[in-house]
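Following: one structure in structure tokens, then a few remarks.
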Amino acid sequence: MHWADFRAQRLRDRGTPQVIVSGITPSGEFHIGHLREILTAEMIHRACLDAGLESRYVFIVDSMDPLRRVYDFLSEDYEQFIGVPLAYIPAPNTDGTPSNGETSYAEHFLNPFLEALKEIGVFPEIVMNHETYENGQFSEKIDLAIRKREEIREIIMRVSGRELPEDWFPYSPRGPNGSMDGITVTSYEYPHVFWVDENGVSGESDIRRADGKMPWRLDWAARWIIHGVTCEPAGKDHGAAGGSYDTGIPICELLGGSPPDKIVYEWIQLKGMGPMSSSSGVTIGPMEALSLVPPEILRYVIARSKIGRHIEFDTGGALFEMADEYERLLTMPDEGEITKRMRTRIDTREGALRMSQVVRGSDPLESFAGVSFRHLAMLAQIKSSDEEVWQSLRKSNHISGEPSRSIISRLSKMRSWVESEHFPETARINIQTEIDEKTRSEISDNQASFLRELSANLGSCEWSENSITDAIRNSIKNSEITGKDAFSGIYLAILGAKHGPRASSLIAEIGKDDVLAILSVI
RNA sequence: GGGCCUGUAGCUUAGUCAGGUAGAGCACCGGGCUUUUAACCCGGUGGCCGGGGGUUCGAAUCCCCCCGGGCCCGCCA
């Protein structure tokens, strides 16, 4: 059984409508790591629907979280906003200076991410957490938390092993400049929390408005109750012993709720570079990933891995593997006696394919391209026009008639991949501009004389694939060379390799002048 | 220090929750096709399932111990 279906089965036991939630702090550019947070939850949501359960998928944006520090991409001007919720800070301009504030910091980073989500078929209900504070939905839980502050303080200290000060208070009011830093609570009387700042300025915060927020560990537990959350997969940072999941569960119960089961997912790493981090530049954005990888394959990357396994995201050679594996699964026949193990395996991969579809419920076969990534990569490099690619694919019986939507999309992604730095060098077709010594030594006398013959024939030939094919054929006839040797000679001269794409296509695409220039030095 | 994940063929892994004779892909080797698209088709080699102990008629699977690898524990997915 696929992990998403397994979770759905467990959730069925709760008996309530399912509310599957993701939560992310929009403190900077989103990266593909966030995609695992989103897709893990969204796939469980889809599995619930598939199982006939009532389910909603909600993306809670942590827009009430404060700016922690001035990140590298921000100008010093942001110093003044430290401690202020991201919803109330102006978005940065491209140079890192604060903008006029038409768009908030939170929205600035969130919006492009939501666009990317559409492309992979994810349409969450969006909850901006600061609005939940603004409209007073948190007030009852804040009031309760303040009254039970001793018990909560005890839970956090016991479970997390952290020491909290005697005067710890489960609510952080925002001071005169909107920041939560440096504010000391002096007293509470519903609905007001009274405080004093570092300069002795005092004021009051109305807990029914966004005048402050609960600290993370409480905020999380409280929102589970407010939104009726039944499932919220969290990154492994929250899953550590004594982490926020462990404190959230008893705090949620104390506040009168029924917490979700603890689900912890592993992180995505960039191939060979460890965990992603925006500050170290080890990052790849969802939009960048989507420009290279077809959406269903990107979903498949998440769907195929169990929640607890870390994923090595590799935009190089492994992507061929991944895409071909996807294609293969689509057409894999189930033969012979079905043992229990085989049943499990088939169910799991069927689930992974189902979860990978951009449109829920669509037939995975509709996403079948019918051409391997490797082959398409080659064609994309030697055919500059899409139409020529389709012609070639018809000729090789990969497709018949008009290209499918899915393969058109594949080719367009393939073209960006080929042009990007991520495309693996081993798959790149490098046209030689000159013949180096090593290659020259590999070309036999036979091949050399064949190539000279070919060069002469090409020089007088019409530049079309058919004529070029004829030229090659005639040259072989006139040279007393085997077809095999002839072709490997061509590839050695043009590519510096013994194999290559169909020679006539390759030569046609390179152009007469360049081909003759290469062959002239034989 | 506390905790999580992980160790199955050269590589990537499925199977572990619900114990019943180890599956796959890549790579490799061989064959087919051969006026060769790195394509395509067919076949094959290769595993004391990290090590040890226990439970069981039976363990990759459950329990215990050990070893190796990765990661988390202010905020970060």
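Worth knowing before you read on, the calculation uses all heavy atoms, side chains too, and leaves out hydrogens, waters and symmetry mates. Each chain gets a letter, A, B and so on, in the order its sequence line appears, and its residues count up from 1.
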N/O donor-acceptor pair, side chain S392(A) with base U37(B), under 3.5 angstrom: yes
Consider side chain to side chain contact (heavy atoms under 4.5 Å, CB included). Of P85(A), S179(A), P66(A), which one does R174(A) pass it with? P85(A)
What distance, rounded to whole Å, do you find between the two [atom1] atoms, one in [N] and one in [M]?
N      : M      : atom1 : result
G19(B) : G30(B) : P     : 45 Å
U56(B) : G20(B) : C1'   : 12 Å
A60(B) : U55(B) : P     : 16 Å
U61(B) : C75(B) : P     : 37 Å
G23(B) : C65(B) : P     : 32 Å
C62(B) : C49(B) : P     : 16 Å
G53(B) : C11(B) : P     : 26 Å
C17(B) : C5(B)  : P     : 15 Å

Measure [atom1]/[X] against [atom2]/[N] and give the value in whole Å, please.
X       : N      : atom1 : atom2 : answer
F6(A)   : A18(B) : CZ    : C1'   : 9 Å
I20(A)  : A77(B) : CD1   : P     : 20 Å
W267(A) : G69(B) : CH2   : P     : 21 Å
L164(A) : G74(B) : CG    : P     : 13 Å
M180(A) : C75(B) : CE    : C1'   : 13 Å
I429(A) : U37(B) : CD1   : P     : 13 Å
E321(A) : A27(B) : CD    : P     : 7 Å
W168(A) : G74(B) : CH2   : P     : 17 Å

Checking side-chain polar atoms at under 3.5 Å, does [X] have a donor or acceptor matched by the opposite partner on [Y]?
X       : Y       : answer
R217(A) : T247(A) : yes
S244(A) : H238(A) : yes
D219(A) : Y133(A) : yes
T25(A)  : D65(A)  : yes
Y57(A)  : S22(A)  : yes
E37(A)  : Y265(A) : yes

For Q9(A) and D470(A), find the nucleotide of RNA chain B closest to each by heavy atoms; which residue's nucleotide sits nearer the 5' end? Q9(A)
5'-most by nearest nucleotide on RNA chain B - M1(A) or T25(A): M1(A)
Would you call [X]-[Y] a salt bridge at under 4.0 Å N-O?
X       : Y       : result
R415(A) : E419(A) : no
E325(A) : R304(A) : yes
R328(A) : E321(A) : no

Holding to side chain to side chain contact (heavy atoms under 4.5 Å, CB included), I want the full list of residues that pass it with E154(A), two or more places apart in sequence or in another chain. R158(A)
Partners passing side chain to side chain contact (heavy atoms under 4.5 Å, CB included) against I82(A) (at least two apart in sequence or in another chain): L67(A), V70(A), E79(A), D181(A)
Any stem touching RNA chain B, meaning at least three consecutive Watson-Crick or G-U pairs under 3.5 Å, ordered by first number, would be B:1-7 with B:67-73, B:10-13 with B:23-26, B:28-32 with B:40-44, B:50-54 with B:62-66
How would you list, by chain and number, every residue that makes a side chain to side chain donor-acceptor pair (under 3.5 Å) with R299(A), sequence neighbours excluded? E42(A)
With centres under 5.5 Å and planes under 30°, do Y265(A) and A77(B) count as stacked? no
Kindly point out which of C76(B), C75(B), U36(B) is positioned nearest to the side chain of D237(A)? C76(B)
Tabulate protein N/O versus nucleotide N/O from nucleotides 5-14 of chain B, keeping only pairs under 3.5 Å, one per line.
residue	atom	partner	partner atom	Å
C5(B)	O2'	G308(A)	O	2.7
A14(B)	OP1	R309(A)	NH1	3.4
A14(B)	OP2	R309(A)	NH1	2.8

Can you name the atoms? Protein N/O to nucleotides 39-43 of chain B N/O, anything below 3.5 Å, with the distance.
residue	atom	partner	partner atom	Å
A39(B)	O2'	H398(A)	NE2	3.3

Reckon L379(A) touches a base, only the sugar-phosphate, or nothing at all at heavy-atom distances under 4.0 Å? base
